[in-house]
Amino acid sequence: MQRFANDSAQSSIFMKRTIVWFRRDLRLCDHEPLYRAALRGEVIPVFIFDRALLYHPETAVSRVAFMIQALTALDQDLRRCGGRLIIRSGDPAIVLPKLIAETQAEGIYAYIDYERIYGRVRDAKVNRVLAQNGQKIRWFEPTAGMADLIPYPKYRSHWFKEMSLPMIPTPQTVKVPVEIDSEPLPSLLSLGMVADRKKIPPASTRDARELLQTFFTEKSDRYYWQLSLPSAEATTGLSPHIKFGVISVRECFQTAQARLKGEKDKRVQMSLKQLISRLRWGTGFTQRFRYLPQLELRSLYTVFEEDGWEFDETLYAAWQKGETGFPIIDAAARCLDETGGWLAMNFRTRAIYSSFLSNLLGMDWRYGALHFMRHLIDGDCPIDHYQWAMQAGVTYCLDKSWTRIYNPEQAAIDRCDPQGKFIKRWIPELKTIAPVQLGMPPKSAGYIPPILNYKQARQKRVKQLEQQRLDFRQTKDVLPFLARMPESVVPFGSDRFESEIQWTRGEVGELFPPALELDSLDLAESQALRSWLVAHVNVTARKTPPGRAKVAKQSPIVPGDAFGDQLDFLGDLSLEY
């Protein structure tokens with residue numbers, strides 16, 4: 001990769017032109033490629049509609065709708081700076097070289113992106129084509145991203161250091177050459193998509209900042225305590241905005257840190273610290289995918305790939321539609337379908353819903369991740385996939401032996417919905433049933449009978465997981481047990497939904513950024529990688545928070561809701577902060 005010679009604002013007879021390729025960073029503030037390009041001279045801010053992502057089996061129509069709104073807002077923000085957004089469609093490896101030639105740009109600035117295997121194949125191809133043409137691209141590390149493999153505790157320190165650095169200034173002026181044409185920003189209809197009934201949240205940087213301020217004024221005194229209660233809607237609602245980079249994680253961190261300084265209310269202090277932890281965890285999941293992109297398609301450990309999954313189309317459909325006979329599961333299913341998870345479906349509800357599919361119905365976690373990603377407005381592949389595998393028990397902490405299987409009966413009601421508000425909102429046919437009966441509604445309620453026996457299903461799953469884990473539990477050398485990149489990188493679910501997978505034909509070749517070469521790691525590197533796969537906190541039980549019913553005896557759950565970095569922290573099936 002070639003870097004540009006000068007990032008300066010010095011004027012010259014021929015003004016320098018730089019293409020800024022927007023991807024998961026749809027903002028002006030704290031955007032280094034844009035800022036550096038604006039210092040150099042003229043800027044060509046471009047977003048490319050790529051069929052391989054638009055028609056990926058895990059694409060949600062509602063998420064595309066949010067993205068289009070975010071692009072609209074980005075264009076408006078650019079226009080306020082004297083610029084505009086340039087829209088193109090097609091394969092970036094074809095579009096970008098042509099755009100350089102057409103505009104006489106010196107090259108491209110862009111953030112590195114490692115959310116998906118496709119993106120890394122795409123960017124490696126872009127690098128190769130540009131190099132063959134003698135054209136340039138400069139890649140910028142996203143905040144707290146890094147190429148080196150380091151122990152997790154050191155990464156945590158790196159994260160805080162990066163997040164504490166001054167934010168990149170917003171360019172005062174963005175000069176876009178007037179002669180460069182842009183395609184119109186497409187609608188869902190023009191993309192061949194039909195809008196569903198999900199309400200799309202406002203998608204601008206200003207809206208994200210307002211959500212953050214609303215959280216501070218209305219929720220920060222209860223966030224820590226009510227994060228597990230779905231009816232409380234205590235989350236910030238920022239998860240879609242962070243997924244698309246409408247607001248930077250660093251801005252969220254620094255805004256929360258500024259509020260924390262001088263804060264005397266202990267409740268607010270705990271909530272703000274919890275929010276900061278979740279911002280860090282989300283970035284950490286993405287960094288894991290940088291090291292191990294195979295986690296998009298595979299479980300972390302090979303033993304879980306070889307044995308143990310069942311699949312029943314009828315039961316899968318019942319789980320998807322909210323027809324399992326377990327009210328907390330069915331309410332979660334209907335909430336996801338109606339809202340896309342944004343704001344209304346918190347982390348604990350997602351945890352119980354996901355655990356039910358893999359641990360009680362015994363189905364491959366990838367079917368669950370596929371369903372979530374096709375609905376979540378805030379769906380983020382590293383978080384969704386890693387946490388789905390975590391909840392299925394196949395990507396767990398090497399230094400812990402617990403099995404997390406949620407009891408979906410009355411224990412779940414007592415812990416998460418003690419007044420039954422969430423269930424009655426989404427299952428109105430149970431609105432007259434007392435909360436103490438919502439775990440197993442009486443037959444007189446006319447509700448669907450349960451599709452499984454919880455105790456029997458749980459016993460079966462625990463026995464299976466214990467047997468599978470025998471060979472490598474507490475192992476010091478984890479490398480022999482880790483899944484490698486599969487020979488085929490065809491996205492899971494492409495056989496169920498019409499998808500654009502032409503890019504997987506033939507040999508995929510290199511990735512950019514490259515993945516860890518597991519078979520080449522030395523002892524120190526192996527130990528560094530292992531540190532990403534263990535718990536770094538001692539999780540202890542805490543007293544029942546105010547306003548929550550005491551929990552009935554239930555299947556083992558790791559105590560507390562403020563989980564450690566490697567634990568289940570399930571909002572995080574969606575970055576639901």
For the pair [X] (side chain) and [Y] (backbone), establish whether a donor and an acceptor sit closer than 3.5 Å, ignoring hydrogens and angles.
{"X": "Ser355", "Y": "Ile352", "answer": "no"}
{"X": "Arg206", "Y": "Ala73", "answer": "no"}
{"X": "Trp342", "Y": "Pro240", "answer": "no"}
{"X": "Arg334", "Y": "Gly322", "answer": "yes"}
{"X": "Thr349", "Y": "Met345", "answer": "no"}
{"X": "Glu338", "Y": "Lys198", "answer": "no"}
{"X": "Asp364", "Y": "Tyr367", "answer": "no"}
{"X": "Tyr55", "Y": "Asp50", "answer": "no"}
{"X": "Asp148", "Y": "Ile150", "answer": "no"}
{"X": "Arg290", "Y": "Pro513", "answer": "no"}

Is the shortest heavy-atom distance from the side chain of [X] to the side chain of [Y] under 4.5 Å?
{"X": "Leu315", "Y": "Met363", "result": "yes"}
{"X": "Pro142", "Y": "Asp25", "result": "no"}
{"X": "Pro491", "Y": "Ile501", "result": "yes"}
{"X": "Leu482", "Y": "Thr302", "result": "no"}
{"X": "Thr170", "Y": "Arg27", "result": "no"}
{"X": "Met193", "Y": "Val64", "result": "yes"}
{"X": "Val20", "Y": "Ile44", "result": "no"}
{"X": "Ser62", "Y": "Asp196", "result": "yes"}

Which atom pair, heavy atoms only, marks the closest approach of [X] to [Y]?
{"X": "Asp380", "Y": "Met373", "value": "N-SD, 3.9 Å"}
{"X": "Val490", "Y": "Thr504", "value": "CG2-OG1, 3.5 Å"}
{"X": "Ala101", "Y": "Gln135", "value": "N-NE2, 4.2 Å"}
{"X": "Arg84", "Y": "Pro177", "value": "NH2-O, 2.9 Å"}
{"X": "Ala351", "Y": "Ser354", "value": "O-OG, 3.0 Å"}
{"X": "Thr143", "Y": "Arg250", "value": "OG1-NH2, 3.5 Å"}

Distance-only side-chain donor-acceptor flag, [X] / [Y], under 3.5 Å:
{"X": "Arg40", "Y": "Thr18", "answer": "yes"}
{"X": "Thr286", "Y": "Glu115", "answer": "no"}
{"X": "Asn127", "Y": "Trp139", "answer": "yes"}

In terms of side-chain geometry, is the basic nitrogen of [X] or [Y] positioned less than 4.0 Å from the acidic oxygen of its partner?
{"X": "Lys243", "Y": "Asp378", "answer": "no"}
{"X": "Glu58", "Y": "Arg374", "answer": "no"}
{"X": "Glu305", "Y": "Arg366", "answer": "yes"}
{"X": "Arg51", "Y": "Glu500", "answer": "yes"}
{"X": "Asp337", "Y": "Lys321", "answer": "no"}
{"X": "Asp519", "Y": "Arg484", "answer": "yes"}

Margin query: Are Phe47 and Phe49, when compared by the centres of their aromatic rings, separated by less than 6.0 Å?
Written below: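 Phe47 vs Phe49: aromatic centres under 6.0 Å.
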Note to self: Could you check whether Tyr111 and His31 have their ring centres less than 6.0 Å apart?
What the structure shows: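 Aromatic pair counts; centres sit under 6.0 Å.
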Item checked: Working for salt bridge (Lys or Arg N to Asp or Glu O under 4.0 Å), residues Arg496 and Glu313 -> CA-CA 12 Å; Arg496 301 179 69 87; Glu313 195 73 60; 2.6 Å; yes
Check: Do other residues, nucleotides or ligands put more than 12 heavy atoms under 6.0 Å from Glu517 CD?
Finding: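 Atom CD in Glu517 is not packed in, count stays at 12 or less.
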About how many Å separate [atom2] of [Y] and [atom1] of [X], when rounded to the nearest 0.5 Å?
{"X": "Thr235", "Y": "Leu211", "atom1": "OG1", "atom2": "CG", "result": "9.5 Å"}
{"X": "Tyr386", "Y": "Glu296", "atom1": "OH", "atom2": "CD", "result": "15.5 Å"}
{"X": "Trp319", "Y": "Ser358", "atom1": "CH2", "atom2": "OG", "result": "8.0 Å"}
{"X": "Trp532", "Y": "Leu300", "atom1": "CH2", "atom2": "CG", "result": "13.0 Å"}
{"X": "Ile168", "Y": "Tyr35", "atom1": "CD1", "atom2": "OH", "result": "8.0 Å"}
{"X": "Leu279", "Y": "Phe253", "atom1": "CG", "atom2": "CZ", "result": "9.0 Å"}

Check: Given Leu85 and Ser182, is the side chain to side chain contact (heavy atoms under 4.5 Å, CB included) satisfied, shown in steps?
Finding: CA-CA 8 Å; Leu85 183 63; Ser182 173; over 6 Å; no
Check: So Lys154 and His158, side chain to side chain contact (heavy atoms under 4.5 Å, CB included) or not? Walk me through it.
Finding: CA-CA 6 Å; Lys154 288 187 177 180; His158 169 74; over 6 Å; no
A cation-pi test, strictly: NZ or CZ of [X] under 6.0 Å from the centre of the six-membered ring of [Y] and no more than 45 degrees from its axis. Yes or no?
{"X": "Arg23", "Y": "Trp21", "result": "yes"}
{"X": "Arg120", "Y": "Phe512", "result": "no"}
{"X": "Arg278", "Y": "Phe347", "result": "yes"}
{"X": "Arg36", "Y": "Phe140", "result": "no"}

Note to self: I'd like to know whether Arg17 forms a salt bridge (Lys or Arg N to Asp or Glu O under 4.0 Å) with Glu179, so could you lay out the CA-CA distance, the side-chain angles of the two residues, the decisive distance to 0.1 Å, and finally the verdict.
What the structure shows: CA-CA 13 Å; Arg17 288 183 174 181; Glu179 70 273 15; 2.5 Å; yes
Item checked: Worked check of side chain to side chain contact (heavy atoms under 4.5 Å, CB included) between Val176 and Leu78 -> CA-CA 9 Å; Val176 179; Leu78 284 167; 6.0 Å; no
Next item on the list: Decide yes or no on ring pair (Phe, Tyr, Trp, His ring centres under 6.0 Å) for Phe285 and His385, but give the supporting numbers first.
Entry: CA-CA 10 Å; Phe285 283 122; His385 284 224; over 10 Å; no
Margin query: What verdict does the side chain to side chain donor-acceptor pair (under 3.5 Å) test give for Ser204 and Asp207, after you've listed the backbone C-alpha separation in whole Å, the side-chain angles of each residue and the deciding distance to 0.1 Å?
Written below: CA-CA 5 Å; Ser204 70; Asp207 292 317; 2.8 Å; yes
Margin query: If we check ring pair (Phe, Tyr, Trp, His ring centres under 6.0 Å) with Trp388, which of these qualifies: Trp365, Phe492, Phe372, Tyr353?
Written below: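 Among Trp365, Phe492, Phe372, Tyr353, the one meeting ring pair (Phe, Tyr, Trp, His ring centres under 6.0 Å) with Trp388 is Phe372.
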Next item on the list: List the steps and the verdict of side chain to side chain contact (heavy atoms under 4.5 Å, CB included) for Leu28 and Leu74.
Entry: CA-CA 8 Å; Leu28 303 191; Leu74 176 63; 3.7 Å; yes
